[in-house]
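Some notes on the structure that comes next.
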There are 2 protein chains.
Amino acid sequence: MTADLSTTSYALLGLLALDPADAPEGLTGYELKQRCDLTMRYYWVSPATSQVYTELARLARLGLVDTTDAPNGRRNTRRYALSDSGRTALLAWLETSEPAFPVLKHPVALRLMFAHMVGPEHVQRWLDTYIAQLEQRTADLRAVREMLGDDPRLRSPATVADWGLAYFANESAVAADVRERGAADEG
Amino acid sequence: MTADLSTTSYALLGLLALDPADAPEGLTGYELKQRCDLTMRYYWVSPATSQVYTELARLARLGLVDTTDAPNGRRNTRRYALSDSGRTALLAWLETSEPAFPVLKHPVALRLMFAHMVGPEHVQRWLDTYIAQLEQRTADLRAVREMLGDDPRLRSPATVADWGLAYFANESAVAADVRERGAADEG
DNA sequence: TAGCCAGTATTCCAGTTAGGAAGATTCCGC
DNA sequence: GCGGAATCTTCCTAACTGGAATACTGGCTA
């Protein structure tokens, strides 16, 4: 019945499902992109702005989102809200399909494959960069996690945030370990 | 001087750099794709066959790989080997550029965001699926790791494999924990 | 010993995704 | 009422995916 959508499509559908209460008219593509950048980026590629609009147009064409045009001065602002069939499609996806295995693009691990080709100082630099980036991301995600608090209605996103923090912590530990062992080889 | 290449281009260049000894003529696109599927997929998207060939054509055009054509029956088989300027470009990339932060596409975490929309049995199912997939991947990667052994020449790939195993172990632990806490909520 | 199937090797295509640039407009502080 | 930040959308190009199509080799078996 419903055409097969990409996971990113369902992700956007899901984001629209998360706040119907405070936004009855739905969200603009711009706002949706901001939501993606705020939370989704920790466990999914935050789609490019152009892709957000492309997906929304597709979802509207399929009747999975309702659109409302509101004149905004001389210009038109279009809001997208989850439709009934959109909610049905989202639920069907959650209930009947199996999650695929995660895909990782890990530039540090990739470079590490070729570590023997360059001096150890470069490997140390890669790891230092990565560890610093991890600290920044951890701080950002911790802020998100604290925003979510103990509210039982936000338990699902909170669980995901905790998962992300555990992932970052593990990456930090492994990176630090590899760095140390590399340094030890020099001694 | 050298045009900017995608990370995937450098990954292929790196794979070609890994075994020049036993393959002086280089590898075919098909063999390269197999190498990707065997090891690269644990920390990078294994590129589609069509992309492997597209990239190799680009690298050949840029002079970063040398090609050798060998007639194979009525047809031609082309082998690709790292050229001197290819090696230089790879080293320059490793030595002068910083690794970007990893990108993750985690379908389980994505679904978990919407856990409250469906019955807990579905969440259990997602996590069970994921835990089973992790076991399979862990076994596969462990086999790769054992193939690499203690050989000091293979220390770099071995480190990456260990990193992957630590990542899988952490994911398994977190998934099991989330699963248990979800089940506890039912009690 | 012909037939078949698995494996090797490459190309083509249509569609999706990524990333960036460019634009038009509104909002807000000064 | 000016200027810059924020809002909102579109367009373009390149990268990438997945699948199908094509062609040949070699081994097994009936």
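Values reported hereafter were calculated over all heavy atoms of this structure, with side chains retained and with hydrogens, waters and symmetry mates removed. The chains referred to below are lettered A, B, ... by the order of the sequence lines, with proteins before strands, and numbering in each begins at 1.
By the neighbour-count criterion of 12 heavy atoms within 6.0 Å, atom CG of Asp69(A) is densely surrounded, having more than that number from other residues, nucleotides or ligands.
Asp162(A) is linked by a side chain to side chain donor-acceptor pair (under 3.5 Å) to Arg145(A), counting only residues two or more places apart in sequence or in another chain. Listed by chain and number, the residues in a side chain to side chain donor-acceptor pair (under 3.5 Å) with Ser9(A) are Ser6(A), Glu55(A) (sequence neighbours excluded). Partners of Thr39(A) under the side chain to side chain donor-acceptor pair (under 3.5 Å) rule, at least two apart in sequence or in another chain, do not exist in this structure. Taking Thr67(B) as the reference, Ala60(B), Arg78(B), Tyr80(B) meet the side chain to side chain contact (heavy atoms under 4.5 Å, CB included) condition, with sequence neighbours excluded. Partners of Asp151(B) according to the side chain to side chain donor-acceptor pair (under 3.5 Å) rule, which considers only residues two or more places apart in sequence or in another chain, are Arg153(B).
An OP1 or OP2 oxygen of dT10(D) is reached within less than 4.0 angstrom by no side-chain nitrogen or oxygen of Tyr53(A). Between dA15(D) and Arg58(B), a contact under 4.0 Å exists linking OP1 or OP2 to a side-chain N or O. For Ser6(B), no side-chain nitrogen or oxygen approaches OP1 or OP2 of dA15(D) to under 4.0 Å. Here Gln34(A) reaches the OP1 or OP2 of dT7(D): one of its side-chain N or O atoms lies under 4.0 Å away.
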Ignoring hydrogens and angles, write down the donor-acceptor pairs under 3.5 Å from the side chains of residues 94-119 of chain B, residues two or more places apart or on other chains.
residue   : atom : partner   : partner atom : Å
Thr96(B)  : OG1  : Ala92(B)  : O            : 2.6
Ser97(B)  : OG   : Arg111(A) : NH2          : 2.6
Ser97(B)  : OG   : Trp93(B)  : O            : 2.7
Glu98(B)  : OE1  : Thr129(A) : OG1          : 2.5
Glu98(B)  : OE2  : Arg125(A) : NE           : 2.8
His106(B) : ND1  : Val108(B) : N            : 3.4
His106(B) : ND1  : Ala109(B) : N            : 3.2
His106(B) : NE2  : Tyr130(B) : OH           : 3.4
His106(B) : NE2  : Glu171(B) : OE1          : 2.8
Arg111(B) : NH1  : Ser97(A)  : O            : 3.0
Arg111(B) : NH2  : Ser97(A)  : OG           : 2.6
His116(B) : ND1  : Ser156(A) : OG           : 3.4

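The distance from atom CZ of Arg78(A) to atom C1' of dA24(C) is 17 Å, rounded to the nearest whole Å. To the nearest angstrom, C1' of dA9(C) lies 14 Å from NZ of Lys33(B). Put simply, OH on Tyr30(A) is 18 Å from P on dG23(C), counting in whole angstrom units. Per the geometry, CG belonging to Leu12(B) stands 10 Å off P belonging to dC16(D), to the nearest Å. Here dT17(D) presents its C1' atom at 17 Å from CG of Leu5(A), a figure rounded to the nearest Å. Protein atom CH2 of Trp44(A) is 12 Å distant from nucleotide atom C1' of dT17(C), rounded to whole Å. Atom CZ in Arg35(A) sits about 14 Å away from atom C1' in dT7(D), given to the nearest Å. Protein atom CZ of Arg61(A) is 12 Å distant from nucleotide atom C1' of dG15(C), rounded to whole Å.
Here the side chain of Lys105(B) is nearest to one of dT10(C), dA15(D), dA18(C), namely dA18(C). Side-chain proximity of Gln51(B) to the nucleotides dT7(D), dT9(D), dC16(D) is greatest for dC16(D). Comparing dT17(C), dC8(D), dT10(C) by their closest approach to the side chain of Glu55(A) singles out dT17(C).
Between the axis at the start and the axis at the end of the helix from dT1(C)-dA30(D) to dC30(C)-dG1(D) there is an angle of 20°, using five pairs per end and rounding to 10 degrees.
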Quick one: which protein N/O atoms are closer than 3.5 Å to N/O atoms of nucleotides 20-22 of chain C? Pair and distance per line, please.
residue : atom : partner  : partner atom : Å
dG20(C) : O6   : Ser50(A) : OG           : 3.4

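Residue pairs meeting the ring-ring contact (aromatic ring centres under 6.0 Å, His included) criterion with at least one partner in residues 39-71 of chain A, sequence neighbours excluded, are absent.
A distance-only check finds no donor-acceptor pair linking the side chain of Arg179(A) to the backbone of Ala175(A) [under 3.5 Å].
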